Number of protein chains: 2
Amino acid sequence: MLVQTLAQEISQLEANLCSAFADPTRILILYALNEQPRNVTELTIDLGATQPTISRHLKILRDHELVNTARQGVSITYSLADPRLIQALDLLRAVLHDNLTSKANLVIDIKS
Amino acid sequence: MLVQTLAQEISQLEANLCSAFADPTRILILYALNEQPRNVTELTIDLGATQPTISRHLKILRDHELVNTARQGVSITYSLADPRLIQALDLLRAVLHDNLTSKANLVIDIKS
DNA sequence: CTTTTATATTCAAATAATCAAATATGCGTG
DNA sequence: CACGCATATTTGATTATTTGAATATAAAAG
């Protein structure tokens with residue numbers, strides 16, 4: 001698309017941001033960092049993924065400015081850039097919860 | 001991954017949900033439907049996309065249960081399934097706004 | 001039952017995202 | 001300055017996602 005309206009441009013940025021959330025490892029990283037800042041090694045252990053995988057996902061989160069970094073000697077501590085990211089994820093999780101609950105109730109209805 | 005922890009499974013579902021948001025056209029559709037329910041033709045006109053494109057994106061939103069449908073004769077009216085979806089998008093938009101604002105201020109700092 | 005209007009789907013091509021494995025960089029210490 | 005630990009990047013293969021164009025279905029009206 002050569003020419004874009006303002007609304008389209010904003011939606012493009014927003015969609016980009018959302019694509020940073022579109023991976024389970026990155027969601028886990030964000031929730032882990034919300035609990036407390038951690039370095040790469042800690043994330044690797046806590047999430048049970050390989051170090052290159054964690055680093056790759058951290059780069060994506062960094063590129064989207066969703067995390068902050070602080071070097072402490074040899075290790076780099078990552079932290080959540082904005083608490084509203086978790087607020088947004090929690091809202092989505094709540095929607096997900098309700099959807100699954102209604103589906104569960106449908107199953108009960110069919111049984112009876 | 002053959003065996004998944006509960007946290008991984010939830011994150012997988014959440015990531016799936018986020019991938020439904022990871023497209024500018026779908027973001028525009030959700031905001032348009034939040035304003036008021038619309039049928040496919042109206043969305044096509046309002047968003048300036050082709051009808052097959054809109055229908056394809058609506059199918060994805062339907063599959064994720066983010067929209068409801070109501071047939072009215074020959075046309076099908078789509079509506080937003082849950083207002084929290086817009087709340088979440090608005091939070092992300094606010095984060096985006098702040099990030100861009102700080103970048104803008106950096107530009108000013110460099111100038112002076 | 002044919003036509004028209006509204007919506008949905010399929011197909012092929014282009015683009016992008018993912019992962020594991022290997023490799024590279026960077027900092028602190030002896 | 002060489003070694004070792006912590007982190008980052010590259011590569012190549014695989015898999016997904018998006019789109020336009022063409023086509024299909026579905027309902028209402030005549």
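Letters A, B, ... are given to chains in the order of the sequence lines, protein chains preceding strands, and every chain is numbered from 1. All of these numbers come straight from a predicted model, not from anything done at the bench. Note that these values count all heavy atoms, side chains included, but never hydrogens, waters or copies made by symmetry.
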Report the distance from atom [atom1] of [X] to atom [atom2] of [N], rounded to the nearest whole Å.
X: Asp23(A); N: dA16(C); atom1: CG; atom2: C1'; answer: 14 Å
X: Arg26(B); N: dT19(D); atom1: CZ; atom2: C1'; answer: 12 Å
X: Ile76(B); N: dT5(C); atom1: CD1; atom2: C1'; answer: 12 Å
X: Asp63(A); N: dA17(C); atom1: CG; atom2: P; answer: 12 Å
X: Leu61(B); N: dA8(C); atom1: CG; atom2: P; answer: 12 Å
X: Leu43(A); N: dT7(D); atom1: CG; atom2: C1'; answer: 12 Å
X: Ile60(B); N: dA8(C); atom1: CD1; atom2: C1'; answer: 13 Å
X: Leu58(A); N: dA8(D); atom1: CG; atom2: C1'; answer: 10 Å

Which part of the nucleic acid does [X] contact within heavy-atom distance under 4.0 Å: base, sugar-phosphate only, or nothing?
X: Ser75(A); result: sugar-phosphate
X: Val74(A); result: base
X: Arg71(A); result: sugar-phosphate
X: Ser19(B); result: nothing

Select one nucleotide: of [options], the one nearest the side-chain heavy atoms of [X].
X: Thr41(A); options: dA6(D), dC19(C), dA6(C); value: dA6(D)
X: Tyr78(A); options: dA20(C), dA8(D), dG20(D); value: dA8(D)
X: His57(A); options: dT7(C), dT19(D), dC19(C); value: dC19(C)
X: Ser55(A); options: dA20(C), dT18(D), dT7(D); value: dT7(D)
X: Pro52(B); options: dT18(D), dA21(D), dT18(C); value: dA21(D)

Are the side chains of Glu9(A) and Leu13(A) in contact, using a 4.5 Å heavy-atom criterion?
no

Side-chain heavy-atom pair Ile27(A), Arg93(A) within 4.5 angstrom cut-off
yes

Is the phosphate of [N] approached by [X] (side-chain N or O, under 4.0 Å from OP1 or OP2)?
X: Arg62(B); N: dA8(C); value: yes
X: Arg56(B); N: dA8(C); value: no
X: Arg38(B); N: dA6(C); value: no

Hey, does the side chain of Ser75(A) reach the backbone of Arg71(A) with a donor-acceptor pair shorter than 3.5 angstrom?
no

Assess the side chains of Thr44(B) and Thr41(B): does a donor N or O sit below 3.5 Å from an acceptor N or O?
no

The residue among Glu42(B), Arg38(B), Arg62(B) that forms side chain to side chain donor-acceptor pair (under 3.5 Å) with Tyr78(B) is Arg62(B)

Find which nucleotide of DNA chain C each of Gln51(A) and Thr69(B) is nearest to by heavy atoms, and output the residue with the more 5' nucleotide.
Thr69(B)

In terms of the nearest nucleotide of DNA chain C, which residue is placed more toward the 5' end: Gln72(A) or Asn16(A)?
Asn16(A)

Please determine if Lys103(A) and Glu65(B) form a salt bridge, counting it only when a charged side-chain N lies under 4.0 Å from a carboxylate O.
yes

